[in-house]
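All remarks here apply to the structure that follows.
All values derive from a computational prediction rather than experimental measurement. Protein chains get the first letters and strands the later ones, always in sequence-line order, with residue 1 at the start of each.
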Protein chains: 2
Amino acid sequence: MSAPIRVVLADDERMVRTALRVILDAEPDLAVVGEAATGAEAVSVVRAERPDVVLMDVRMPEIDGIRATEQILAGMADAPRIVVVTTFENDSYVYDALRVGAAGFLLKRAAAEELVSAVRLVARSDSLLYPAAVRCLAAEHARHRPPAAPAWAARLTDREAEVLRLVATGLTNAEIADRIGVGPATVKTHVAAVLAKLGARDRTQAVILAYESGFVRTG
Amino acid sequence: MSAPIRVVLADDERMVRTALRVILDAEPDLAVVGEAATGAEAVSVVRAERPDVVLMDVRMPEIDGIRATEQILAGMADAPRIVVVTTFENDSYVYDALRVGAAGFLLKRAAAEELVSAVRLVARSDSLLYPAAVRCLAAEHARHRPPAAPAWAARLTDREAEVLRLVATGLTNAEIADRIGVGPATVKTHVAAVLAKLGARDRTQAVILAYESGFVRTG
DNA sequence: AACCGCCTCCCCCGCCCGGGGGAGAGGGGC
DNA sequence: GCCCCTCTCCCCCGGGCGGGGGAGGCGGTT
């Protein structure tokens with residue numbers, strides 16, 4: 001399994017950091033290599049340790065997690081994947097996090113198992129975003145378990161899910177438009193919404209996320 | 001499972017048609033709705049029956065399977081998926097078939113199970129090409145079973161396979177170029193080769209084929 | 001009645017991508 | 001020696017795509 005995944009924790013509450021460290025260090029393939037209590041500290045620790053993954057709290061003194069994320073991603077070649085940690089799912093930070101390039105985000109109430117699998121997936125998928133709705137895709141695929149377990153945000157609408165399914169069969173926007181009987185502009189809108197919610201850069205990444213989340217099944 | 005997959009058989013040898021019919025009709029979700037012994041007949045039968053899938057022999061009187069495929073795909077809106085059937089794997093027809101838009105091809109010596117799964121996959125993946133190299137991808141993935149079982153043609157080179165793997169992680173051509181240390185133009189060339197060999201229209205379809213063939217694994 | 005989420009469609013813009021060519025270098029097989 | 005394959009890189013070109021806006025209608029919630 002080669003080298004372990006190196007993780008840095010950034011949270012102003014010591015208890016949270018400790019909890020995360022306990023959870024992550026229990027996994028043989030994960031190694032917490034640094035902690036930070038402020039955004040500024042997070043930036044310097046990350047530059048020093050060059051981890052694979054950063055768990056970044058949004059609310060922190062001096063510099064919030066969003067700005068810290070921005071600075072890390074802007075100032076580093078071969079920057080780590082950053083997972084933004086929030087308390088409330090409809091946090092407006094969520095979209096800011098996507099915008100500045102966070103690899104994903106999860107809620108503090110997420111189960112330990114979700115946490116470690118998120119870290120692994122983010123580290124593994126290498127230049128691929130893994131945000132919010134991905135888990136919702138899996139949840140939707142598993143027959144609408146409502147808002148109980150899904151500790152993630154940004155659900156796709158029915159139309160968006162339909163469009164994503166068609167994107168994942170290799171259709172162009174124009175073909176999707178013909179198929180569902182709307183204009184090409186409408187499909188563009190839906191695709192754009194899907195990309196934003198999934199944090200995907202283009203339809204190719206969206207398809208990959210659809211497969212990886214189980215939203216579409218292989219053959 | 002809704003309506004069965006409607007199949008038309010086009011082959012000049014009656015025995016071959018019968019054999020195919022027996023194999024396909026044994027499957028509850030497949031229904032052979034027409035047969036043709038010549039290319040011209042194939043065109044008219046397909047227009048009349050409007051099947052989901054056509055199994056098209058390459059060598060037929062009057063009009064060969066390639067031209068028949070061309071005419072069917074050109075002259076019909078919502079055309080069926082056409083699988084071209086060949087006897088020899090290095091048949092030059094293979095590339096012609098790809099060029100005119102065949103959804104895939106397979107060898108007459110293919111196992112019955114391969115046949116039915118090919119029909120299902122082609123029918124399912126709806127506007128998605130399923131040609132040659134796809135099975136080779138699966139074969140490569142399954143640790144180089146040489147040229148024994150692979151009843152399909154068009155192998156990827158090592159470089160092409162590497163590029164496809166990177167495409168399937170969501171990278172752009174420029175990012176792939178940086179990663180493997182070559183120029184962007186070179187990556188373009190490799191990607192173009194992959195698309196041609198897989199019969200994919202764009203990188204999105206290539207990724208889908210990579211997943212469906214098992215060339216890349218989910219999770 | 002006001003609000004919000006969803007669906008529909010429009011504009012402009014820039015870029016990445018894919019198609020069509022070609023070309024040179026190196027290696028292996030005949 | 002010659003050929004063929006692979007890998008490398010170049011050109012031009014068109015189009016699909018994604019980003020950034022905005023706008024109107026419709027139904028459910030408050």
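Checking A:T169, A:D202, A:V207 one by one against B:T204, the side-chain contact (heavy atoms from CB on, under 4.5 Å) holds for a single residue, A:V207.
In A:R159, the CZ atom is crowded: over 12 heavy atoms of neighbouring residues, nucleotides or ligands sit closer than 6.0 Å.
Between A:R179 and A:L166, the closest side-chain pair of non-hydrogen atoms falls below 4.5 Å. The shortest side-chain heavy-atom distance between B:V119 and B:V7 falls under the 4.5 Å cut-off. The shortest side-chain heavy-atom distance between A:R201 and B:T172 falls under the 4.5 Å cut-off.
Protein chain B touches strand DNA chain C; the 5'-most and 3'-most nucleotides with an atom under 4.0 angstrom of its non-hydrogen atoms are C:dC17 to C:dG19.
In this structure, A:T186 contributes its side chain and A:V182 its backbone to no donor-acceptor pair below 3.5 Å. The backbone N or O of A:L171 sits less than 3.5 Å from a side-chain atom of A:R203, completing a donor-acceptor pair.
Taking every heavy atom of both residues into account, A:A168 and B:I208 meet most closely at O-CD1, 3.2 Å.
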Under 3.5 Å, N/O pairs linking protein and nucleotides 12-17 of chain D:
unit_1	atom_1	unit_2	atom_2	d
D:dC17	OP2	A:N173	N	3.3

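With sequence neighbours left out, the salt bridge (Lys or Arg N to Asp or Glu O under 4.0 Å) criterion links B:E160 to B:K197. With sequence neighbours left out, B:R6 forms a salt bridge (Lys or Arg N to Asp or Glu O under 4.0 Å) with B:E49.
Atoms OG1 and CG, from A:T38 and A:D11 in turn, are 11.5 Å apart once rounded to the nearest 0.5 Å. A distance of 5.5 Å separates CG in B:L198 from CG in B:L156, rounded to the nearest 0.5 Å.
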Q) Which parts of nucleotides 4-9 of chain D does protein reach within less than 4.0 Å, heavy atoms only, written one letter per nucleotide 5' to 3' as B for base, S for sugar-phosphate only and - for none? A) --SSBB
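Note on the helix from C:dA1-D:dT30 to C:dC30-D:dG1: angle between the axes of the first and last five pairs equals 40°, rounded to 10 degrees.
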